[in-house]
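Step one of this worksheet: look at the structure below.
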Amino acid sequence: MNRILQLIHRYNSAAKFLIVGVSASAVHGVISWIFYYHIWSGLTVLSTLMGYAGGWVVSYLGNRLWSFRWQAKETTVAASASKFIISQLVAMCVLLSSTWLVQQLIMLYFWWYIITNHLTLTPELEQFSAGASYPPALLCGMFFAAIASYLMMRRFVFSQ
């Protein structure tokens with residue numbers, strides 16, 4: 001237990017970033033889920049964008065006021081907010097492209113399974129594969145976007 005606390009203290013900003021990121025990701029995931037399944041019926045990119053926008057607010061405030069507080073003291077809110085928007089646009093591109101790509105790969109595998117087992121790909125099965133592939137694709141996209149976001153915040157957004 002003492003070793004874990006030492007690691008957290010040593011990598012303080014990373015641990016705090018992870019906590020803020022999990023919170024922002026939860027907000028992102030809930031909003032994306034609601035839009036994908038209840039409002040826009042399967043529009044992957046738009047639903048993901050809505051969730052991502054909701055997570056932005058949690059992410060900026062949490063990282064500025066807690067994770068990178070010692071670095072943020074050196075930057076103005078206007079400067080860090082504008083850099084944050086730029087970094088999040090880059091991370092959003094990572095999120096959207098990886099979510100879309102992973103979803104396409106999962107659906108391709110699903111369709112391959114149907115065809116190789118001599119089943120019929122009905123519109124219902126096609127719709128099911130799109131709906132079932134979205135959650136794991138979104139999680140993959142969020143993982144890659146989080147890595148990009150951390151690196152940019154540490155080196156670009158809250159640096160002097």
- Query: Any side-chain donor-acceptor pair under 3.5 Å between Gln88 and Ser59?
  - Reply: no

- Item | Side chains of Tyr52 and Ser32, donor plus acceptor under 3.5 Å | no

- Query: Taking atom OH of Tyr109 as the centre, does the number of heavy atoms from other residues, nucleotides or ligands within less than 6.0 Å exceed 12?
  - Reply: no

- Take Trp100 and Thr48 through the test side chain to side chain contact (heavy atoms under 4.5 Å, CB included) and record every step on the way to the result. CA-CA 10 Å; Trp100 181 85; Thr48 304; over 6 Å; no

- Task: Could you tell me whether Phe143 atom CZ has more than 12 heavy atoms of other residues or ligands within 6.0 Å of it?
- Result: no

- Could you please spell out the steps behind the side chain to side chain contact (heavy atoms under 4.5 Å, CB included) verdict for Val77 and Tyr60? CA-CA 10 Å; Val77 171; Tyr60 178 74; 3.8 Å; yes

- Derivation of the side chain to side chain contact (heavy atoms under 4.5 Å, CB included) call for Trp66 and Ile19: CA-CA 10 Å; Trp66 191 47; Ile19 293 167; 3.8 Å; yes

- Parallel under 30°, tilted from 30 to 60°, perpendicular over 60°: which one fits the rings of Tyr134 and Tyr37? perpendicular

- Within 6.0 Å of CD in Gln104, more than 12 heavy atoms from elsewhere: yes

- Message: Are more than 12 heavy atoms, taken from residues, nucleotides or ligands other than Phe110, located less than 6.0 Å from that residue's CZ atom?
- Response: yes

- Out of curiosity, does Phe17 fall in the hydrophobic cluster containing Val20 (side-chain heavy atoms, cut-off under 4.5 Å, transitive links)? no

- Message: Leu138 vs His28, test: side chain to side chain contact (heavy atoms under 4.5 Å, CB included). Steps then yes/no.
- Response: CA-CA 10 Å; Leu138 180 61; His28 173 191; 3.9 Å; yes

